[in-house]
Amino acid sequence: MDKRLKVNYGSLDDIPLPEIVYKYRDWSNEYHKRFITEREVYMASPRAFEDELDCHSPTRFDLLTKKQIYEYFLWSSKKQNKGHSRQEHRKFARDWAKTSLVNDKKYVKKFMEDSIEEYYDHEGILSLTENWNNDKMWNKYASNGEGFCLGYNARTMFRYLGGGGYVDYVDELPDIFPEPIMQFEEAMNNRIYKKLKKWSFEEEYRTKKFFPSPASSIERRTTLPREAFSCVILGDNISDTHKSEIELAVKEFIGEIGVFHRKDYI
């Protein structure tokens, strides 16, 4: 496991975080304006991602060996049947390993597809970065430099969103297996914090939120306090009109934070 993806326990104050994280936006997009005018961030479903493989890896019940299937049901019995003896746990595992639909390839395929769709309904992800000075990001996500980049105080922001982690860019996405074959933390990291290397230009730092019930678009919006905002950086090609509109909106809805042209931001 990548050391940056280590799961930390304790309070947010104990976890190392970047000082500032950034989000590239386009002022011509009405939804992007809300990041300032409503002080919102949007915890997107992975279903909407441009990268169709991002967060798409299912739990691979179809790749389990017979021994691993037995281990899975033994683990399940120990969690569900607290009062069982060792012999009863083993019998439970043998019986289920033999008769369960996990042996039915068509069922397993459908189950994995359905589980990913259900996961999409519940997961919310906000893509950020530590790098405000990335030409490719300005071009792709800030309208070829005509947009802007919001800087957030990471520690304040994550008090409302939870922690975050760096994305690890890999040649091939790793498989995900159920417990106890793979620990939950490793499986989560493999799904959420692994992307193919072709996306490495994004230098992504992302945060996530799991919704207990399927989340609507409104529920995926989170309003941040004014103190969560650090600065706004204006793109090289921003129009005078958009510059004025952003400056006025920042003053009205966020307050006295710096609004800089990219060339002047240090």
Side-chain angles (χ1 to χ4, degrees), residues 1-7 18 21-26 29 31-32 41-65 68 72 102 105-131 134-144 161-179 181-211 214-217 219-220 222:
M1 185 187 301
D2 191 294
K3 66 181 180 179
R4 296 174 302 172
L5 302 182
K6 180 180 178 182
V7 176
V21 288
Y22 299 90
K23 184 73 174 174
Y24 292 84
R25 299 284 76 184
D26 177 5
N29 185 312
Y31 292 105
H32 290 195
V41 291
Y42 187 77
M43 307 302 291
S45 165
R47 184 183 285 114
F49 288 173
E50 179 182 4
D51 177 8
E52 295 180 352
L53 298 179
D54 191 357
C55 296
H56 184 71
S57 300
T59 303
R60 297 303 300 268
F61 282 93
D62 59 323
L63 297 182
L64 295 182
T65 65
Q68 289 172 331
Y72 169 75
V102 76
K105 292 182 179 180
K106 289 184 179 180
Y107 173 85
V108 170
K109 182 176 184 295
K110 181 68 163 52
F111 173 81
M112 292 192 302
E113 291 171 351
D114 290 346
S115 66
I116 282 293
E117 291 301 319
E118 182 178 5
Y119 164 75
Y120 287 164
D121 290 338
H122 291 264
E123 192 70 273
I125 290 178
L126 177 66
S127 298
L128 303 160
T129 180
E130 279 191 276
N131 187 359
N134 184 323
D135 287 336
K136 290 184 177 180
M137 294 289 280
W138 277 106
N139 291 337
K140 186 172 180 62
Y141 297 112
S143 188
N144 295 307
L161 302 179
Y166 296 93
V167 169
D168 184 28
Y169 298 97
V170 296
D171 292 319
E172 185 176 348
L173 295 175
D175 289 324
I176 297 172
F177 295 96
E179 292 188 277
I181 315 306
M182 179 178 284
Q183 292 300 308
F184 172 80
E185 291 82 2
E186 183 177 0
M188 180 187 71
N189 286 330
N190 283 349
R191 176 174 287 134
I192 297 173
Y193 296 103
K194 302 283 187 182
K195 292 182 68 172
L196 294 177
K197 281 187 176 178
K198 72 175 184 177
W199 299 99
S200 62
F201 72 91
E202 294 180 335
E203 301 177 284
E204 187 176 349
Y205 188 96
R206 62 175 34 168
T207 185
K208 63 179 288 296
K209 181 177 182 179
F210 186 82
F211 298 91
S216 67
S217 60
E219 291 169 327
R220 291 179 178 276
T222 297

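We use all heavy atoms of the structure for the numbers below, so side chains are in, but hydrogens, waters and symmetry mates are not.
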Which pair of non-hydrogen atoms, one from [X] and one from [Y], has the smallest distance, and what is that distance?
X: P46; Y: E123; result: CD-O, 3.8 Å
X: L64; Y: F177; result: CD2-CD2, 3.8 Å
X: E179; Y: Y72; result: O-CD1, 3.1 Å
X: M182; Y: D175; result: CE-O, 3.5 Å

Pair W199 and Y169, ring centroids less than 6.0 Å apart: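 Here the rings of Y169 and W199 have centres that are no less than 6.0 Å from each other.
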Aromatic ring proximity F210/H122, centre distance under 6.0 Å: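 Yes, close enough.
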Salt-bridge criterion met for [X] and [Y] (N-O under 4.0 Å):
X: D54; Y: R206; result: yes
X: E202; Y: K136; result: no
X: D121; Y: R47; result: yes
X: D62; Y: K109; result: no
X: E219; Y: K209; result: no

Value rounded to 0.5 Å, distance of CG in D168 from NZ in K195: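 It comes to 12.0 Å.
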Audit row: E204, T129, side chain to side chain donor-acceptor pair (under 3.5 Å) steps and yes/no: CA-CA 5 Å; E204 187 176 349; T129 180; over 6 Å; no
Geometric cation-pi criterion, R25 with Y31: 6.0 Å, 45°: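 Checked: cation-pi criterion not met.
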Plane angle bin for Y205 and Y166 - parallel if under 30°, tilted between 30 and 60°, otherwise perpendicular: perpendicular
